[in-house]
Structure formats: structure tokens, C-alpha cells
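No experiment lies behind these values; they were computed from the predicted model shown. The analysis underlying the following values was restricted to heavy atoms, covering all of them including side chains, and did not include hydrogens, waters or symmetry mates.
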Amino acid sequence: MRRVNFSMVTIKDIAKAAGVNHSTVSRALRDDSRVSAAMREKIHTIAKQMDYVPNLAAKKLVRQKTNFVGLIWPSKEGLFFYNMNLQIQREGVKRGYRVMQIMDDPTVSLQAFRQFGVDHVMFWDVFTMMPASFAVERQRFPGRVLAMGGINRIEGMDWLAVDRSGALLMAVRHLTELGHRRLAYAGNKNNKLKIYGFLQGIAECKADYTPEHFIDYFGSTFEDDVRHIFQKQDRPTAIIVDSQQCLFRLLRAFRQIRVRIPEDVSVVVYDDTPEMSELEIAFTTVGPSIQDLAVKAWDIVTAEAGTGEEREPVEEVVGATLVSRESAIPFRPEMELPVT
DNA sequence: AAACATACTCCTGCTCGGAG
DNA sequence: CTCCGAGCAGGAGTATGTTT
């Protein structure tokens, strides 16, 4: 049946068509046992014919719940962001939620989610400093707001942190356990947490590292630095790469000077996404499990509020895991020869 | 007399406790 | 087994009061 105008079909329209009260329709559509099976069947059929869809706003008015969760996502490229987003959506659907996503100014997005009446909001925190407007808007939003991945915990919001330092520490331990002594690092020199973990590992494992073996991903001499470091005597036999973007650039530089992974150098890269095991060499990775992150995010956001009281914001850390694949192998003396 | 402020009533689509 | 009607939040509309 095609409708001529665009006014919404309501349970009252169905009630009229079925010759019953609207509350009977409401119950029938939710398969309430107080309505006879025959009547339920009849009402379902009519509802389908009339293209009925329940009005979410009205439902929320009574139920105070929509089973929609808002996701504010940063406008960022990269496999991590793609995979993280994917897992959040899948985990939500698994738990009977729908995810509504906005990629816009965070304050504007949060306000929009308040208007739409989503139950809770999650966001991936890329703020260096939380804008005051966002904090104000959070006060007005009635549900929970979960900040994921951020560096700092934020007043009044749940926090799901990532142990970046721990991840890098783990990477150093892994490489030194494989017998590597001389290590290099490629990445962002401003990422203090990762560098802190790395240096901690160097100290703990008594590995050999000098700042000359730091390759600045954002520096203009990246390729030259790689060439210089790997073509000299006593070159590093292992390198830790702090992001996938950096890895891709490093791979190009290695190809130019014929450095092979893992024959000439072992590599551990930060962030584990499925793609990392599907490249020419499967990469050994460290970082939080994306699956764990998504599961914990939903656990926090959907946790019952307990004994009536307003729930205190929770704080959780997702630990790092190391996944050993083909790019990091035991040290062999011939690795130390300069590549030509 | 016109302009503005405040208070109220109605309406929406749906759920749910209780009455018939 | 079915119906009645209160009530949820808040925008729109109307009525009344107060200030220029």
C-alpha cells in the first residue's frame, strides 16, 4: 500500500483500522501476552501494510531510553581509526544498540546528540586541551560520556585509557629478548608517552640506544636519516616504529637502500590492525587490542547505574599486547654488517 | 494604544497500571 | 481480553498582566 502524503502512521491509525484501542495496538506490537494471539497477528499485518514505524521520540518520552549511542569521531585517516570504528559499531549491534555517528566539531556534535536523545555518547579523544564549551555541553547531556584513548582524564566523563608507555616498553623487551642490543626508533618526537616507555625499556634491558638513532617522522630529512643510520658500521639491528603511517614511509626508505625485513633489521610497529598481518611480511605489533577497546567501551557505557545513585565516572586502562609475527626475528651477527 | 513579558493550556506518540 | 487515561518533555498557541 503506497501512501499519498508523508504524515506518519501512528498506533492510533492502526487502532482505527483494526477496530481496537490504541493501547491494544501498542501491546500487540510488542508481543505482550495480554493481547490474544489472533489479534496480535492481525495488528502486525495491518502495521506492515501501513508501513508503520514506531516514533522514537515518543517512545523515549516514556521509556527514557532509545538504545542509540552517539559516536563523535575525529576526522582522521589511518587504519586504526577505521578498525576501531568498525569494532565499536559491531559490538554495539551485538548488544542491541544502534550507533549514530557524527564527524564534526565535538561540542556541536554533543549538542546534536542531546537533541536526538541518544542514551550515551562515546568519543575518541584527540584533544590536546579540552575546550571549555565541550565541558559545558557535557553538563547538559543527561547520559554518560566516555572519552577513549585520551592522554588526560576529564572531569565528569568516563575514561578509557590506552597504556602507550607500557606498549613501547613491551616492544623493547621483546627485541632484547630476541638478542638485539642496538635499537632505533622512528616516529613522532612529541609523543612523550611512547618515548617514555621506550626509554624505560632501554634502561631496564640495558640496551644500546643513542638519540642519533631517533628518526623523526615529521622531519624533512627522514629518508636521509634512514640511509645514514642503516648504511654505517655498528648500525641498529632492530627498530621500533610508533605508528603505521610512519611504517609505510619507512618501508619506502628501506626499499631504496635495499634493507630487508627481517633479514637485515627486525621491526616492531605500534597499533595492531588486521592489515598488519596481511602485508608482504606479517608485522610484529604492540598496542591495545582494538577488540578489547570496543568491548570495554561498551561495558562502561552500558553498565547499570547500580543503587539508584548517580554513578561516579569510571576510569579504565586497556593494557598493551604484543603479537609476534614475521618482522622481528632473533639476532644474528651478520645483521650488523652495513647494507650496501 | 502598542509593545513586550509571563502564565497557562494544548498537543504529540507511546507505555503502563488498573478498571471493566 | 480489551479499554481507559495519566503522564512523559517541550514547542506552539492563547490569554492575561505589565511596561512603555
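- A:Asp31 places its CG atom 14 Å from the P atom of B:dC16, with the value rounded to the nearest Å.
- The side-chain contact (heavy atoms from CB on, under 4.5 Å) check on A:Val314 picks up A:Asp158, A:Ile300, A:Arg311, with sequence neighbours excluded.
- For A:Thr24, the side chain to side chain donor-acceptor pair (under 3.5 Å) test picks out no residue, with sequence neighbours left out.
- Within the 4.0 angstrom heavy-atom criterion, only backbone atoms of the sugar-phosphate kind lie near A:Arg30; the bases stay farther away.
- Partners of A:Arg173 under the salt bridge (Lys or Arg N to Asp or Glu O under 4.0 Å) rule, at least two apart in sequence or in another chain, are A:Glu204.
- Comparing the local axis fitted to the first five base pairs of the helix from B:dA1-C:dT20 to B:dG20-C:dC1 with the one fitted to its last five gives a bend of 40°, rounded to 10°.
- The interatomic distance linking A:Asp13 (CG) with B:dT12 (P) rounds to 11 Å, in whole Å.
- Looking at residues 112-119 of chain A, you'll see that no heavy atom sits under 4.0 Å from any atom of DNA chain C.
- Taking Ile, Leu, Val, Met, Phe, Trp and Tyr as hydrophobic and joining them when side-chain heavy atoms fall under 4.5 Å apart, one finds A:Phe127 in a cluster with A:Leu56, A:Phe68, A:Ile72, A:Met100, A:Ile102, A:Leu110, A:Phe113, A:Phe116, A:Val118, A:Val121, A:Phe123, A:Met130, A:Phe134, A:Phe141, A:Val145, A:Ile154, A:Met157.
- Aromatic ring centroids of A:Phe214 and A:Tyr209 lie 6.0 Å or more apart.
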>> Would A:Glu275 and A:Asn83 count as a side chain to side chain donor-acceptor pair (under 3.5 Å) here? Give the steps.
In response: CA-CA 10 Å; A:Glu275 293 81 3; A:Asn83 283 288; 3.1 Å; yes
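- Nearest-nucleotide positions on DNA chain B for A:Arg27 and A:Leu56 put A:Leu56 closer to the 5' end.
- Scanning for side-chain contact (heavy atoms from CB on, under 4.5 Å) contacts around A:Asp264 gives A:Arg235, A:Val259, A:Arg260, A:Val339, with sequence neighbours left out.
- Heavy atoms of A:Ser26 sit under 4.0 angstrom from at least one base atom.
- To the nearest angstrom, C1' of C:dT2 lies 15 Å from CG of A:Leu29.
- The hydrophobic cluster analysis finds A:Leu169 isolated: no Ile, Leu, Val, Met, Phe, Trp or Tyr side chain comes under 4.5 Å of it, directly or through other members.
- Under the side chain to side chain donor-acceptor pair (under 3.5 Å) criterion, A:Ser133 pairs with A:Thr107, sequence neighbours left out.
- For the side chain to side chain donor-acceptor pair (under 3.5 Å) condition, the pairs that include at least one residue of residues 243-252 of chain A, sequence neighbours left out, are A:Glu223-A:Arg249, A:Gln244-A:Thr273.
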Measure all distances between protein nitrogen or oxygen atoms and nitrogen or oxygen atoms of nucleotides 5-9 of chain C, and list the pairs falling under 3.5 Å.
none

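- Between the CZ atom of A:Arg140 and the P atom of C:dG10 there is a distance of 13 Å, given to the nearest Å.
- Judged as a side chain to side chain donor-acceptor pair (under 3.5 Å), the pairs with a partner in residues 318-337 of chain A (not counting sequence neighbours) are, in order, A:Arg182-A:Glu336, A:Asp272-A:Arg325, A:Arg332-A:Glu334.
- The separation between A:Ile11 atom CD1 and B:dT15 atom P is 6 Å, rounded to whole Å.
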